[in-house]
Amino acid sequence: MEAYMDNAATTKMSSAAIKAMLPYLEEEYGNPSSLHSRGQKAAEALESARKMVAECLGALPKEIYFTSGGSEADNQAILSAAMIGLRKGKKHIVTTAFEHHAVLHTLLKLEKQGFDVQYLSVGKQGNVSAEQVAKAIREDTCLVTMMTANNEIGSILPIAEIGAVCREKKVLFHTDAVQAVGHIPVNVQEMKADMLSMSAHKFHGPKGVGVLYAKSGIALTNLIEGGAQERGKRAGTENVAGIMGMAVALREATNHLSDNMKKVSALRDKLIAGLLKIPHCVLNGDPVHRLPGNVHFCFEGIEGESLLLLLDEFGVQGSSGSACTSGSLDPSHVLLAIGHPHEIAHGSLRLTLSEYTTEQEVDLALDAVPKVVERLRSMSPIWRDKVNGNKPFIL
Ligand SMILES: *Cc1c(COP(=O)(O)O)cnc(C)c1O
């Protein structure tokens with residue numbers, strides 16, 4: 001038996017989404033820019049997908065820009081806001097210390113160009129408050145960019161409150177909602193978001209397709225120059241099949257949102273309660289404002305990579321945190337941001353569930369994780385020192 005518990009990295013495609021894509025891979029292969037009937041059929045499909053996505057987000061179809069995914073949407077949103085700021089002589093940006101690398105690395109690029117980026121601390125529970133944001137905003141702030149929910153530890157930020165602060169102070173507000181869309185209610189009106197990023201493969205759609213929502217009136221800067229696709233703001237022949245798959249996956253997730261949230265968070269809570277019985281561990285992230293599918297622990301005296309490899313032998317497919325940092329020896333910036341020392345940050349395990357996760361899979365993880373943790377600790381000289389009292393326990 002296998003338990004796929006890495007849904008924050010990517011999800012299984014829904015069969016409705018696959019079915020929606022097939023016609024555009026087979027017979028309806030026209031280019032939406034072509035004037036003949038096959039092209040126009042593709043153009044109609046594209047616009048129907050745009051309408052579906054807009055409805056699910058509370059946006060207008062003309063505010064939806066199709067991209068290659070969440071990373072591209074993050075890059076374009078932030079660079080566009082920076083260009084708008086530059087024209088007004090405003091170069092201050094407010095963000096958090098635990099954003100996704102698609103946001104952080106774009107901000108790093110802007111810092112090198114003279115922008116002043118302020119990283120708000122996220123506290124021990126991994127969250128920020130609207131008051132922190134209000135305090136940070138200055139006369140020369142051109143952008144606040146904050147994720148709706150964290151991809152590693154699952155904290156859900158008070159985005160509607162943060163959005164209201166930004167709107168009141170007339171500062172552009174972007175949110176990376178890649179982990180939130182399809183999993184918790186996301187409405188750009190309620191969030192008062194000026195820009196929002198999402199990605200299809202995080203909610204059972206295909207990989208390589210996403211959306212940048214930009215409120216009408218916001219002057220986007222192109223990342224890709226060329227044809228007039230996406231109202232001139234994102235050149236390149238559209239990924240018609242992928243876009244259709246995304247729209248159908250989003251509609252499906254939106255229609256079943258409250259049922260799925262209930263079901264998935266019950267499984268999450270069972271898994272968390274069981275893992276908390278392991279000695280010397282900590283549940284990371286906000287215990288209350290938490291994504292329905294997120295379980296994230298640090299275990300003292302464990303090396304996260306070995307934990308993952310052994311768990312895989314039991315059929316449990318998890319992650320040490322962000323898939324983007326796997327393979328690097330640096331501990332996760334998210335775990336350092338919530339104040340863990342390196343030793344603890346290295347012993348992390350993220351298990352992320354979806355509506356396809358079964359109770360049997362949760363039981364498999366509940367059986368495997370304690371066994372693997374115990375086995376790794378029994379082989380660790382550091383752990384022996386701690387047990388013998390030669391070194392203090394941290395957790
Ligand atoms: C996955 C993810 C991204 C990147 O999305 P891609 O479509 O894979 O480029 C950005 N932000 C967050 C929070 C994510 O989880």
Side-chain angles (χ1 to χ4, degrees), residues 5-13 17 53 64-79 95-109 119 122 126-128 145-157 159 162 174-184 186 191 193 195-213 223-224 234 236 239 242-243 245-247 249-250 253 284-286 289-296 318-327 332-335 337 348 350-354:
M5 295 196 172
D6 201 9
N7 286 283
T10 198
T11 57
K12 163 198 168 91
M13 273 193 70
V53 170
I64 301 299
Y65 297 85
F66 294 123
T67 68
S68 66
S71 299
E72 184 186 332
D74 283 342
N75 275 254
Q76 189 168 13
I78 293 167
L79 292 174
T95 188
T96 75
F98 72 169
E99 296 297 310
H100 189 271
H101 282 133
V103 167
L104 288 180
H105 290 176
T106 305
L107 292 173
L108 206 61
K109 187 157 90 174
Y119 300 88
V122 296
N127 217 321
V128 294
T145 175
M146 268 168 215
M147 63 202 329
T148 310
N150 184 271
N151 50 300
E152 289 190 39
I153 58 179
S155 311
I156 300 172
L157 278 60
I159 287 300
I162 294 170
H174 164 251
T175 185
D176 173 340
V178 174
Q179 288 292 331
V181 171
H183 303 284
I184 58 172
V186 170
M191 291 171 141
M195 290 184 277
L196 175 145
S197 311
M198 61 180 242
S199 175
H201 76 102
K202 302 288 175 75
F203 53 82
H204 309 290
K207 291 173 184 59
V209 56
V211 162
L212 170 60
Y213 155 80
L223 298 184
I224 302 174
R234 203 279 183 184
N239 175 2
I243 289 166
M246 169 168 64
L250 179 61
N284 295 309
D286 195 309
H289 306 288
R290 188 177 195 91
L291 284 173
N294 179 283
V295 175
H296 193 297
S319 158
S320 59
S322 150
C324 318
T325 45
S326 298
S332 140
H333 68 287
V334 175
L335 298 179
S348 64
R350 180 185 73 183
L351 297 175
T352 43
L353 319 179
S354 84

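Being a predicted model, the structure only gives us computed values, none of them experimental. The analysis underlying the following values was restricted to heavy atoms, covering all of them including side chains, and did not include hydrogens, waters or symmetry mates. Counting starts at 1 for both ligands and their atoms, in listed order. FYI, the numbering just counts along the sequence from 1.
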Proximal atoms of ligand 1 relative to Asp74 (non-hydrogen, under 4.0 Å): 10 (C), 11 (N)

Considering both backbone and side-chain atoms of Gly70, is one of its nitrogen or oxygen atoms within less than 3.5 Å of a nitrogen or oxygen in ligand 1? yes

Would you mind listing which atoms of ligand 1 come within a distance below 4.0 Å of any non-hydrogen atom of Lys202? 1 (C), 2 (C), 3 (C), 14 (C), 15 (O)

Which segment of His201 sits under 4.0 Å of ligand 1 when only heavy atoms are counted: side chain

Do Gln179 side-chain atoms and Ala8 backbone N/O form a donor-acceptor pair below 3.5 Å? yes

Counting only heavy atoms, which portion of Glu72 has something under 4.0 Å from ligand 1: side chain, backbone, both, or neither? neither

Which residue in the set His296, Met5, Arg350, Glu152 passes side chain to side chain contact (heavy atoms under 4.5 Å, CB included) when paired with Ser319? Arg350

Under 3.5 Å, is there a donor on one side chain and an acceptor on the other for Ser155 and Asn150? no

Ligand 1 N/O within reach of Asn151 N/O, cut-off under 3.5 Å: no

Ligand 1 atoms nearer than 4.0 angstrom to some heavy atom of Gly69 are 7 (O)

Is the closest N or O pair between Ser71 and ligand 1 shorter than 3.5 Å? yes

Ligand 1 to Gln179 polar contact by distance, N or O atoms, under 3.5 Å: yes

